[in-house]
Amino acid sequence: MAAAVLLRRIPAARAPAAAALIGARSISDSTAPLTIETSVPFTSHIVDPPSRDVTTTPAELLTFFRDMSVMRRMEIAADSLYKAKLIRGFCHLYDGQEAVAVGMEAAITRKDSIITAYRDHCTYLARGGDLVSAFAELMGRQAGCSRGKGGSMHFYKKDANFYGGHGIVGAQVPLGCGLAFAQKYRKEETATFALYGDGAANQGQLFEALNISALWKLPAILVCENNHYGMGTAEWRAAKSPAYYKRGDYVPGLKVDGMDVLAVKQACKFAKEHAIANGPIVLEMDTYRYHGHSMSDPGSTYRTRDEISGVRQERDPIERVRKLILGHDLATPAELKDMEKEIRKEVDDAIAKAKESSMPDTSELFTNVYVKGFGVESFGADRKELRATLP
Amino acid sequence: MATAASAASSLQYAPHGVGAASTKKPRSVVPAATARGRRGSVRARGGMAARAAANAEAEAESKSGGHEVLLFEALREGLMEEMKEDPTVCVFGEDVGHYGGSYKVTKGLAEMFGDLRVLDTPIAENSFTGMGVGAAMKGLRPVVEGMNMGFLLLAYNQISNNCGMLHYTSGGQYKIPIVIRGPGGVGRQLGAEHSQRLESYFQSIPGLQMVACSTPYNAKGLMKAAIRSENPVVLFEHVLLYNLKEKIPDEEYICCLEEAEMVRPGEHVTILTYSRMRYHVMQAAKTLVNKGYDPEVIDIRSLKPFDLHTIGNSIKKTHRVLIVEECMRTGGIGASLRSAIIDNFWDYLDAPIMCLSSQDVPTPYAATLEDATVVQPAQIVAAVEQICQ
């Protein structure tokens with residue numbers, strides 16, 4: 001991928017501020033608008049694509065850098081924790097795809113809803129989740145975001161309208177359309193982003209849900225995070241038509257460079273406006289995961305190491321933003337390095353704190369199976385213990 | 001009452017085994033004239049029976065006279081009342097809106113509440129059930145109709161993983177107050193695929209509640225209770241029961257989701273049943289009463305969880321249990337109920353628990369074969385006679 005073309009348009013009135021920036025040697029928190037071109041233009045299906053020029057601010061760019069670095073660090077730390085057997089079962093890591101989570105969040109509010117599949121750690125963070133509850137959940141501790149009862153694939157954050165966290169491929173998309181239905185029902189003027197992968201794109205329930213969403217004009221945005229591999233199967237071996245943004249047929253679609261956080265932001269902003277006004281739209285994020293499908297998958301049997309390192313060199317989302325920041329003199333390399341060191345420490349501290357949390361109490365086995373239980377408490381049909389408290 | 005007690009004490013323990021030879025012991029014949037009926041209400045068995053009897057009385061002589069409805073109309077009344085009271089209640093299903101529902105349960109609701117609350121879905125059970133779950137996560141109270149319960153097998157993943165489990169896996173953050181309902185059971189020559197009994201399949205799903213209605217009274221009450229419940233509830237209706245007629249109260253009422261219904265108090269044997277089989281049991285009960293037996297018939301209504309309180313109290317009195325169900329023998333509700341009874345009430349049993357279920361076959365089309373698939377009243381009579389030896 002060609003490096004981003006930087007198009008700096010600083011309004012004349014602000015030039016002194018820019019000079020002050022260079023002189024001051026401190027990380028910019030300026031909110032002066034900055035317009036940057038995306039890496040590639042958007043490709044669209046039956047809709048006019050948005051402009052390549054994305055408005056951002058220095059502060060926002062630095063936030064992007066910070067947020068994506070935290071996510072990257074978290075996923076790498078999770079890798080070590082998994083190898084140390086502190087995380088068990090399935091662990092699907094998102095490193096490489098951070099730009100999708102961060103760019104999407106920048107374009108929407110916490111009132112919009114996001115639902116995704118099992119590669120959900122970073123989406124949870126983007127929605128305001130904290131590192132300690134993320135690590136605690138991964139390690140099955142009480143302080144976890146799902147009280148240790150969900151695990152890696154079941155992160156949720158209700159107050160931020162983050163609906164998880166789903167293990168069965170594709171099943172979250174009808175749920176997402178249901179969320180969009182509720183938004184329309186309540187006239188909320190918000191949208192739902194239902195994320196899925198290139199593997200899930202071949203699930204029938206997606207087409208069913210898209211049909212219903214189009215019929216009922218629901219504010220549903222189906223986002224295909226196309227990292228080109230569905231578990232161990234490359235997209236060209238699983239999909240007759242890997243143009244996922246066109247799969248909507250009568251539903252418009254947009255193909256986006258998912259490694260460019262600004263392109264993601266622009267596309268999501270466009271999609272949200274479109275969905276609220278006109279009904280569903282499909283976004284295809286062209287992205288890449290460095291790790292294998294999960295921690296049980298080395299990720300190198302179906303793709304070459306050269307391919308992985310090639311993408312890392314040319315398209316890494318964090319490096320792209322770093323170049324933008326340095327190119328616009330928004331911070332020095334040393335400052336960015338310090339930020340990364342600080343983030344590393346933050347993540348390590350969070351892990352230490354999460355490790356302190358205890359495993360859930362045995363009684364937690366039976367809590368939250370039902371809401372408030374029943375009048376007659378009987379834990380399943382064959383439990384010996386029966387407590388009858390009739391209403 | 002005294003006669004009943006002596007009748008109970010004169011029953012002898014019968015040897016185990018189906019078809020095993022047994023010596024018939026003398027038994028005092030209780031004349032049918034002293035039928036249980038109203039007497040059940042006087043029995044001191046705790047609030048449940050009194051309330052059940054009170055309900056029965058309310059049915060017959062409600063304060064303002066009551067009104068007669070068919071079962072599908074009772075379901076509709078319940079649904080309509082809840083939709084009027086709570087604007088978050090909406091209905092998803094095939095042909096529920098403009099067509100009025102293939103069993104007329106939603107007739108007129110689309111005109112009353114509009115297209116956004118009574119939604120005609122395409123034939124896509126997997127996704128519209130999933131959408132119902134998603135809408136429930138976001139605070140609505142959808143009622144999802146499967147045109148036939150069997151079609152919900154296509155949505156099994158959504159019902160099991162998302163509907164049943166999300167409250168748990170999210171650590172209690174999301175609740176799914178959804179109602180999934182539809183007609184199931186063996187009809188009149190509908191064929192194998194349209195005669196399914198899904199209660200067997202759904203019963204293992206943690207987090208799900210299951211109820212089966214059998215009368216217009218409990219249909220309306222359970223529908224309302226299911227909609228109001230914060231848990232996901234599967235409401236099993238039966239294709240052959242939609243035209244049952246009964247007088248129900250004019251004033252508002254709901255039924256408790258977890259409670260079983262005392263249909264006919266008795267002394268000799270506890271017959272546990274649900275849905276359509278209740279009627280086969282009551283038909284058999286007529287014959288049994290004429291033969292001098294006094295069966296206690298309980299419509300368990302709550303298939304998950306079982307109302308072990310009511311069931312247990314009954315077993316403690318009669319010491320004999322017969323389960324009559326329409327689902328298949330293997331892995332059915334009866335199988336689970338049997339285990340639950342054995343685990344909890346073993347010491348009170350004087351005879352092995354008998355379970356009459358449908359045959360483990362796909363339901364055949366031919367009328368005679370179809371009749372042989374399900375339990376018939378004659379088999380129930382024979383079973384009671386055997387159990388009470």
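Chain identifiers are assigned alphabetically (A, B, ...) following the order of the sequence lines, protein sequences preceding nucleic acid strands; residue numbering begins at 1 within each chain.
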Task: Considering all heavy atoms, the nearest B:Y168-A:E364 contact - done: OH-O, 4.0 Å
Task: Side chain, backbone, both or neither of B:Q203 within contact of chain A (heavy atoms, under 4.5 Å) - done: neither
Task: Minimum heavy-atom distance A:F162-B:Y174, with the two atoms named - done: O-OH, 2.6 Å
Task: B:Y201 OH: over 12 foreign heavy atoms closer than 6.0 Å - done: no
Task: Side chain / backbone / both / neither for A:L206 at chain B, heavy atoms under 4.5 Å - done: neither
Task: Heavy-atom pair count under 4.5 Å with chain B, highest-scoring of A:M153, A:K184, A:R147 - done: A:R147
- [ ] Would you mind telling me which of B:I123, B:N157, B:N126, B:T169 has the largest number of heavy-atom pairs within less than 4.5 Å of chain A?
- [x] B:T169
- [ ] Tell me, out of B:G312, B:G207, B:A135, B:G164, who's got the most heavy-atom pairs with chain A below 4.5 Å.
- [x] B:G207
Open item on the list: Out of B:Q173, B:M165, B:R117, B:K175, return the one with the most heavy atom pairs under 4.5 angstrom to chain A.
Closed with: B:Q173
Task: Beyond-backbone contact of A:I212 with B:M131, side-chain heavy atoms, under 4.5 angstrom - done: yes
- [ ] Would you check if the side chain of A:E208 reaches a backbone N or O of B:S127 as a donor-acceptor pair within less than 3.5 Å?
- [x] yes
Open item on the list: Heavy-atom count check: over 12 atoms from other residues, nucleotides or ligands less than 6.0 Å from A:F90 CZ?
Closed with: no
Task: B:G134 versus A:L179, closest heavy-atom pair with distance - done: O-CD2, 3.2 Å
Task: Under 4.5 Å from any heavy atom of chain B - which part of A:E188 - done: side chain
Open item on the list: Which atoms of A:L210 are under 4.5 Å from chain B, going by heavy atoms: the side chain, the backbone, both sets, or neither?
Closed with: neither
TODO: Could you grab the distance from atom OG1 of B:T121 to atom CG of A:N211, nearest 0.5 Å is fine?
DONE: 10.0 Å
Open item on the list: Could you report the tightest heavy-atom contact between A:N368 and B:G172, atom names first, then the distance?
Closed with: ND2-CA, 3.5 Å
TODO: Check B:L140 against A:F181 and note the closest heavy-atom contact, atom names and distance.
DONE: CD1-CE2, 3.8 Å
Open item on the list: With heavy-atom distances below 4.5 Å as the criterion, would you say the side chains of B:Q158 and A:Q205 are in contact?
Closed with: yes
Open item on the list: Need one label for B:P87: side chain, backbone, both or neither, based on atoms under 4.5 Å from any heavy atom in chain A.
Closed with: backbone
TODO: Considering only heavy atoms and a distance below 4.5 Å, find which of B:L116, B:L119, B:T88 pairs most often with chain A.
DONE: B:L119
Task: Which portion of A:T367 sits near chain B, non-hydrogen atoms under 4.5 angstrom - done: backbone
- [ ] Can you tell which part of A:L218 gets under 4.5 Å to a heavy atom of chain B, answering side chain, backbone, both or neither?
- [x] side chain
- [ ] Output, in order, the C-alpha distance, side-chain angles, deciding distance and verdict of side chain to side chain contact (heavy atoms under 4.5 Å, CB included) for B:S170 and A:H154.
- [x] CA-CA 7 Å; B:S170 68; A:H154 299 285; over 6 Å; no
- [ ] Flag the pair B:C90 / A:Y185 as yes when at least one side-chain heavy-atom distance between them is below 4.5 Å, and no otherwise.
- [x] yes
TODO: Check B:P206 against A:V369 and note the closest heavy-atom contact, atom names and distance.
DONE: C-CG1, 4.4 Å
TODO: Could you tell me whether the side chain of B:N231 and the main chain of A:V371 form a donor-acceptor pair under 3.5 Å?
DONE: yes
TODO: Verify the neighbour count for atom CE of A:M231: are there more than 12 heavy atoms of other residues, nucleotides or ligands below 6.0 Å?
DONE: no
Task: A:Y156 side-chain N/O to B:G171 backbone N/O, donor-acceptor pair under 3.5 Å - done: no
Open item on the list: I'd like to verify something: which residue of B:T129, B:L166, B:D115 has the highest number of heavy-atom pairs under 4.5 Å with chain A?
Closed with: B:L166
Open item on the list: Please determine whether the number of non-hydrogen atoms from other residues, nucleotides or ligands lying under 6.0 Å from atom OH of B:Y348 exceeds 12.
Closed with: no
TODO: Determine the option with the most heavy-atom pairs under 4.5 angstrom with chain A, choosing from B:H167, B:E125, B:M137.
DONE: B:H167
Open item on the list: Can a donor-acceptor pair be found, under 3.5 Å and without considering hydrogens, that links the side chain of A:Y370 to the backbone of B:L208?
Closed with: yes
